[in-house]
Amino acid sequence: MTPEPQYLTYAAILLAFGTIVALIMRRNVNLAQRYVKAGVFLDQITAGHDAATANAAAALTFSKNSTKDSNALAMQRASQLAIKLTKGEEIPLIQLAIKKGFKK
C-alpha cells in the first residue's frame with residue numbers, strides 16, 4: 001500500500017515547518033549567547049582590560065572549558081549590564097560592545 005498523495009503533502013509541510021522552527025530556535029540561542037559574550041566583554045573593558053583580553057574572556061563563555069555556574073553568572077552579569085547601560089535591551093548592548101572592539 002502506498003500512502004495517498006495528500007499525506008505526502010502534509011508530511012512535506014510538517015517537515016518544512018519543523019525545519020523553520022529549528023532554525024529560528026538556533027538563531028535565538030546564538031543571539032542569546034552573543035548577548036552574554038558581549039556582556040562579558042564589556043565587563044572586562046569596564047575592569048580596565050584591553051579589547052584582546054576582553055575578547056578572550058568572552059570566547060571562554062559557553063565553551064567546552066566553561067561550567068554551568070560560570071555561564072549562569074555571565075548571564076546574570078550581562079542582564080545587570082544591559083539594565084545599567086542600555087535600559088535592559090540586548091541588541092544595543094551588543095552594538096555597544098562591537099563599538100568598543102568586541103569580535104562577533
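Each residue takes its place number in the sequence, starting with 1.
N55 places no side-chain N or O within 3.5 Å of a backbone atom of F102 that could act as its donor or acceptor partner. Side-chain atoms of S70 do not come within 3.5 Å of backbone N or O of S66 as any donor-acceptor pair. Judged purely by atom type and a 3.5 angstrom limit, D43 has no side-chain atom pairing as donor or acceptor with the backbone of G39.
Taking all atoms of both residues into account, the shortest heavy-atom contact from Q44 to A54 is CB-CB, 3.5 Å. A pairwise comparison of heavy atoms in Y35 and L93 identifies CE1-CD2, 3.4 Å as the closest pair.
Cluster note: F17 groups with V21, M25 through ILVMFWY side-chain heavy atoms spaced under 4.5 Å, whether in direct contact or through intervening members. By the 4.5 Å side-chain criterion applied to Ile, Leu, Val, Met, Phe, Trp and Tyr, L15 is assigned to no cluster and stands alone.
Among pairs with a residue in residues 79-99, none fulfils salt bridge (Lys or Arg N to Asp or Glu O under 4.0 Å), at least two apart in sequence or across chains. For residues 63-74, no residue pair satisfies the salt bridge (Lys or Arg N to Asp or Glu O under 4.0 Å) rule, not counting sequence neighbours.
Residues I98 and L85 share a single hydrophobic cluster, defined by chaining ILVMFWY side chains whose heavy atoms lie under 4.5 Å apart.
When the side chain to side chain donor-acceptor pair (under 3.5 Å) test is applied to T86, no partner is found at least two apart in sequence or on another chain. Listed by chain and residue number, nothing satisfies the side chain to side chain donor-acceptor pair (under 3.5 Å) test with S63 (two or more places apart in sequence, or in another chain).
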